[in-house]
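Below: one structure, written as structure tokens.
Residue numbering restarts at 1 for every chain, and letters A, B, ... go by the order of the sequence lines. Note that these values count all heavy atoms, side chains included, but never hydrogens, waters or copies made by symmetry.
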Amino acid sequence: MPELPEVETVRRGLQAVLEGARIARVEARRPDLRFPFPEKFSERLTGKTITALGRRAKYLTMYLAGGPVLICHLGMSGSFRIEMSDDSEMPDNSEMLGAFYHERSKNAVHDHVVFHVVSPKGVRSRVTFNDPRRFGFMLFSEGAPDTHPMLAGLGVEPTGNALDGGLLASLLKGRKSPLKAALLDQRLIAGLGNIYVSEALWRASLSPLRESGTIAKPGKKARQQSDALAEAIRAVIADAIAAGGSSLRDYVQTDGSLGYFQHSFAVYDREGEPCSKHGCGGHIERVVQSGRSTFYCRTCQM
DNA sequence: ATTGGCGCCTGAAAGC
DNA sequence: TGCTTTCAGGCGCCAA
């Protein structure tokens with residue numbers, strides 16, 4: 001599931017091909033994804049030069065010279081695929097060609113948007129957005145994307161130094177909701193999803209069931225806990241971005257896919273397995289909070 | 001103001 | 001074995 005680290009990995013992959021490139025043509029193969037495509041979607045992109053690729057939380061931003069900013073969200077199942085026009089993936093073995101085309105047409109059902117681009121050196125590429133579940137979307141922002149209604153209310157990025165124990169405590173102070181729900185709330189911290197919330201809480205030895213406000217009370221103990229949680233969130237995100245970056249290099253060379261990558265997780269989807277925290281001896285449990293799975297170890301997470 | 005729950009959508013996996 | 005049901009989850013929206 002694309003959370004912040006996966007989106008950042010996709011951004012880096014796209015940046016290599018798209019930054020400085022000119023959009024020659026855009027195909028939108030259906031009228032909508034999660035939302036209808038904006039008015040004159042293809043027309044407004046065609047002919048524009050892409051100046052930069054950015055990211056805010058789980059949103060990708062594509063900056064166009066003299067034009068709007070394209071905001072993209074991958075939803076649950078969105079991915080980008082990059083293909084050079086020479087199509088080096090095509091097998092030269094004729095026996096494999098049938099299977100190749102069969103597989104390609106099967107996957108192409110969910111190819112919803114195709115960007116045809118030309119690099120400054122004249123190299124042509126296709127960048128295809130594929131999204132089986134269509135929870136993704138693309139919108140234009142006329143001004144700075146941070147002011148777009150969709151992004152304006154987002155909380156602090158868990159990258160960099162902004163999120164420390166003090167800020168986290170101020171965000172959680174007085175909240176009755178469980179920590180799991182608070183960390184999923186994009187208005188507080190922007191970019192965490194179901195997987196990394198479980199991972200961060202496990203690293204910080206804090207229970208996802210615990211009332212958020214209790215780690216923001218006055219006193220040394222609560223302060224240590226909010227410090228630990230802020231540090232765990234930043235570390236889990238930084239580690240995942242690093243892992244995505246290393247898998248990205250290999251992945252792009254083989255088939256151009258820029259989706260998300262299966263990292264190894266300490267607790268996520270590990271129900272029943274022993275807790276890997278040194279000396280713990282507990283086991284990972286799955287509980288459901290607000291209809292979503294949470295994985296944690298009740299022995300070491302308090 | 002906060003918080004919890006639903007629905008969107010498809011494919012994989014589990015259940016009968 | 002083959003059909004049906006459940007589950008996965010980001011996020012806007014609604015309701016309490």
Apply salt bridge (Lys or Arg N to Asp or Glu O under 4.0 Å) to Lys176(A) and list each qualifying residue two or more places apart in sequence or on a separate chain. Glu211(A)
Could you list the residues that satisfy ring-ring contact (aromatic ring centres under 6.0 Å, His included) with Phe295(A), not counting sequence neighbours? Tyr268(A)
Just N and O in the side chain of His73(A): are any of them under 4.0 Å from OP1 or OP2 of dG10(C)? no
Tell me: CG of Leu184(A) to C1' of dC11(C), nearest whole Å? 11 Å
What is the distance from CG of Asp269(A) to C1' of dG9(C), rounded to the nearest Å? 13 Å
Can you tell me which residue pairs pass the salt bridge (Lys or Arg N to Asp or Glu O under 4.0 Å) test with a partner in residues 185-205 of chain A, sequence neighbours excluded? Asp185(A)-Arg187(A), Arg203(A)-Asp239(A)
At 4.0 Å (heavy atoms only), tell me whether Arg30(A) reaches a base, stays on the sugar-phosphate, or touches nothing. nothing
Set of residues satisfying side chain to side chain contact (heavy atoms under 4.5 Å, CB included) with respect to Glu142(A), sequence neighbours excluded: Arg44(A), Pro68(A), Phe140(A)
Rounding to a whole Å, what distance do you find between Leu151(A):CG and dC11(C):P? 10 Å
Give me the distances for all protein-to-nucleotides 4-6 of chain B N/O pairs that come in under 3.5 Å?
none

Once ring-ring contact (aromatic ring centres under 6.0 Å, His included) is applied, what residue pairs with a partner in residues 198-220 of chain A remain, sequence neighbours excluded? none
Separation of Gln186(A) atom CD from dG10(C) atom C1', in whole Å? 8 Å
Using the salt bridge (Lys or Arg N to Asp or Glu O under 4.0 Å) criterion, which residues pair with Glu157(A)? Sequence neighbours excluded. Arg55(A), Arg56(A)
Can you tell which of dA8(C), dT3(B), dG11(B) lies closest to the side chain of Ser293(A)? dA8(C)
Heavy atoms only: give me the nearest Leu192(A)-Glu3(A) pair and the separation to one decimal. C-OE1, 3.9 Å
Just the rounded figure in Å: distance from C1' of dA8(C) to CG of Asn194(A). 9 Å
Let me check the geometry of the helix from dT2(B)-dA16(C) to dC16(B)-dG2(C). What is the bend angle between the axes at its two ends, five pairs each, to 10°? 60°
Closest nucleotide of DNA chain B for Arg187(A) versus for Pro132(A): which of these residues is on the 5' side? Arg187(A)
Expressed in angstrom and rounded to an integer, what is the separation of Leu33(A) atom CG from dT10(B) atom P? 12 Å
How long is the line joining NZ of Lys173(A) and P of dT2(B), in whole Å? 13 Å
Tyr63(A): what forms a ring-ring contact (aromatic ring centres under 6.0 Å, His included) with it, not counting sequence neighbours? none
Please report whether the ring centroid of His73(A) lies less than 6.0 Å from that of Tyr59(A). yes
Choose from dG11(B), dC11(C), dA8(C) the nucleotide whose nearest atom is closest to any side-chain atom of Lys58(A). dC11(C)
Distances under 3.5 Å only, N/O to N/O: pair up the protein atoms with those of nucleotides 12-16 of chain C.
unit_1: dG12(C); atom_1: OP1; unit_2: Tyr59(A); atom_2: OH; d: 3.4
unit_1: dG12(C); atom_1: O4'; unit_2: Arg34(A); atom_2: NH2; d: 3.2

Please state how far atom CG in Asp185(A) lies from atom C1' in dA1(B), giving the value in whole angstrom units. 12 Å
Tell me the closest heavy-atom pair linking Asp227(A) and Gly165(A), and the distance in Å. OD1-CA, 3.2 Å
Tell me whether Phe135(A) and dC8(B) count as stacked here, given that the ring centres must be under 5.5 Å apart and the planes must differ by less than 30 degrees. yes
Gln224(A): partners by side-chain hydrogen bond (donor to acceptor under 3.5 Å, both in side chains), with sequence neighbours left out: none
Less than 4.0 angstrom between a side-chain N/O of Arg134(A) and OP1 or OP2 of dC11(C), yes or no? no
Check this one for me: any side-chain N or O of His110(A) less than 4.0 Å away from OP1 or OP2 of dC9(B)? no
Please identify each residue that fulfils ring-ring contact (aromatic ring centres under 6.0 Å, His included) with Tyr296(A), with sequence neighbours left out. none
